[in-house]
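Structure first, commentary second.
Computation of the quantities below employed the complete heavy-atom set of this structure, encompassing side-chain atoms and omitting hydrogens, waters and symmetry-equivalent molecules. These numbers were taken from a predicted model, which means no experiment stands behind them.
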Amino acid sequence: MKNKEVADILDEIADYLEMQDVKWKPQAYRKAARNVENLSESVEELYEEEQLQDLDGVGENIAEKIIEYLETGKLEYLQELKQDIPVDIEALTAVEGLGPRKVKEIYEARKVTDLDELEEAAESGEIADIEGFGEKTEENILKHIEIARRGQDRMLLGKAYPIAEELRSGLEKSDNFDRVKFVGSFRRKRPTVGDIDVLATSNNPGEAMEEFAGREDVIEVLGSGQTKSSILISGDLQVDLRIVSETSFGAALQYFTGSKDHNVGLRTLAVEKGLKLNEYGLFDSEENKLAGETENSVYSNLQLDFIEPELRERTGEIEAAAKGKIPDLVEKEDIKGDLQMHTDYSDGKASMREMAEKAESSGLEYILITDHVKALDIADGIDEKALIKQAERIDELNEELEIEILKGIEANITGEGLDISRDKLKELDIVLASLHGRINSPTEKIIKVFRDYPVDIFAHPLNRKINSRKGLDIDLDKIIKVAAEEKVALEINSQPERLDLPWREIKEYREDVKFVVSTDAHSAFELSYMHLGVAQARRGWCSKEEVLNTRPLEGLRSYFE
DNA sequence: GCCGTTTTCGGCCCGACTGTTTTCAGTCG
């Protein structure tokens, strides 16, 4: 899968063209880059099937360049562009406030090509002297160069959540704020967020902005105006606040939630209908406002069903909404049980009782205990003897507690099969299998395990870790075909750094296979991650029917039998 | 460079904010 790689190349071309003040081409390259990046299949596949030009924004020229890069690993055109202005464009534009044009001017005036040279030039006062630059720009460069150097990863959604909630409760308590809503990728529940966007209404915009910029956790105020402010809070997390009027709150909510591509699609549709859509509302050709107070009114006036924020990624949601084909998405309240968690029998921190009581208090009807098998060296696993003891303990707790505790295990897919015997598995209610290390020909091994063992759930299928580990290179088409035949459900793992199966794959396969959403909790607190997994199921267009643990216990059992 | 049931040529999103300017360009989202 070289989608990200190809997208980066196209973005780099756009940067260089922008430096040279070329018109329109940069946008064309960026559009193509976004569409390659957002592909659900691999760009290599499109190339092999000679379908690159079917992609919106990819014409003859860009297709040729993609082909050259895929075939040779290089791109002559980009090399040439680089020769004219040999700078590390990616690193330099990562400095807040520096874009391609300024990078070019700094290069031409001071021969700065990378972050070290930039720092040197700024420290010795050589930047402020460049025409069009000044003291402030130089200061800002010095202030932001360290952040650029750290090459910040986007923050995990699960990590941003508590920060965002605290922020919201603070703003909601204040008299300066009336309505407070999250927008942007946080509202769309993308697995990672670049910043947190907040939309608000206020009777006192000036004071509201002042209060926002004066918060205790503010490290730096990046900008502050009448309607828009940006701050940097602890952990290098940027928070943007926009204050809008009550009458256009819905339109602003729609606009700032994005995604950008979704909005482009909506605006195009508006234009086709002779209307105009912006962050202030939906207008007809005489500038009469047709909608804007609520988000719903914007969609309904475009003759569209309401589109949930999680779906707004331009993967066909606008077309579906026009035909009334948006699925009724699964909700966290639909979830009746949690089918992966670890206890102090293996590497979990809490006892079974603690886990069960916490799950019960959050309204679940059943849980599945899935400690690791001992053979797995990454965790302090459970052996067969302890498994018997655990089963007895589960029986005891089931006598005592309302919630039903099911017996399970997370078995490891090894080179030879599973690291636990078939006989042992038969004594369990539900069996999870997963991959941890790397093995040779994983696709075949996984399929063999599905065929040979009574596996019910394939846990965290790609075994990816966001920002640190790429997913396994496995053939999901083949695996899911067998999973469907053997009634193996695919897990949507709710751990913030996993969120695996990822949403694009969920969307692609949701008609072929069933899913379960589980927390994989290793502590009682982590049981609260369920909403993160549900959000990814929603991003994957899943309805309640496609998620097995929305069923009451009997329904779940009957599926796996 | 891409795209088109109004076009194969002429459009391509645009407003807020900052810093540097005396009216605007660059950046960001």
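- Each of Lys25(A), Arg30(A), Lys104(A) was compared with Glu18(A) under the salt bridge (Lys or Arg N to Asp or Glu O under 4.0 Å) criterion, and only Arg30(A) meets it.
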Fill in: Audit row: Tyr299(A), Gln254(A), side-chain hydrogen bond (donor to acceptor under 3.5 Å, both in side chains) steps and yes/no
CA-CA 9 Å; Tyr299(A) 285 98; Gln254(A) 195 292 308; 3.2 Å; yes
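- Within the nucleic acid shown, Leu277(A) has no heavy atom closer than 4.0 Å to any nucleic acid atom.
- Here the CZ-CZ distance, from Arg539(A) to Arg190(A), works out to 7.0 Å after rounding to the nearest 0.5 Å.
- Salt-bridge check for Arg538(A) with Glu308(A): passed, with a basic side-chain N closer than 4.0 Å to an acidic carboxylate O.
- Here the separation of dT21(B) from dG26(B), taken at their P atoms, is 14 Å to the nearest Å.
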Discussion item. Output one letter per nucleotide in nucleotides 17-29 of chain B: B when a protein non-hydrogen atom lies under 4.0 Å from the base, S when only the sugar-phosphate is that close, - when neither is.
Written reply: SSSS-----SSSS
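- Between Glu37(A) and Arg504(A) there is no salt bridge, since no side-chain nitrogen of the basic residue lies less than 4.0 Å from a carboxylate oxygen of the acidic one.
- Applying the salt bridge (Lys or Arg N to Asp or Glu O under 4.0 Å) test to pairs two or more places apart or on separate chains, those with a residue in residues 131-143 of chain A are Lys143(A)-Glu220(A).
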Practice prompt. Could you encode protein contacts along nucleotides 4-12 of chain B as a string, one character per nucleotide from 5' to 3', using B for base contact, S for sugar-phosphate-only contact and - for no contact, with a heavy-atom cut-off of under 4.0 Å?
Written response: --------B
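- Searching all strands for a Watson-Crick or G-U wobble partner of dG10(B) with both distances below 3.5 Å returns dC3(B).
- If you take atom P in dC13(B) and the same atom in dC17(B), they sit 22 Å apart, rounded to whole Å.
- dT20(B) and dT27(B) have their C1' atoms separated by 14 Å, with the value rounded to a whole Å.
- A salt bridge links Asp56(A) with Lys31(A); the closest basic N to acidic carboxylate O contact falls under 4.0 Å.
- Rounding to whole angstrom units, CD of residue Gln20(A) and P of dG1(B) are separated by 12 Å.
- Atoms CZ (Arg30(A)) and C1' (dG1(B)) sit 14 Å apart, rounded to a whole Å.
- Side chains of Glu126(A) and Ser124(A): a donor on one and an acceptor on the other come within 3.5 Å.
- A donor and an acceptor atom, one from each side chain of Ser297(A) and Ser300(A), are nowhere located under 3.5 Å apart.
- Contacts of Val264(A) with the nucleic acid, taken as non-hydrogen atoms under 4.0 Å apart, are absent.
- Among the atoms of the strands shown, only primed sugar atoms or phosphate atoms (P, OP1, OP2) are found under 4.0 Å from some heavy atom of Lys65(A).
- Residue contacts shown for Tyr280(A) are limited to sugar-phosphate atoms, with no base heavy atom under 4.0 Å away.
- Look at the C1' atom in both dT6(B) and dG11(B): the space between them is 14 Å, to the nearest Å.
- Here the separation of dG15(B) from dG10(B), taken at their P atoms, is 25 Å to the nearest Å.
- Between dC2(B) and Asn61(A), a contact under 4.0 Å exists linking OP1 or OP2 to a side-chain N or O.
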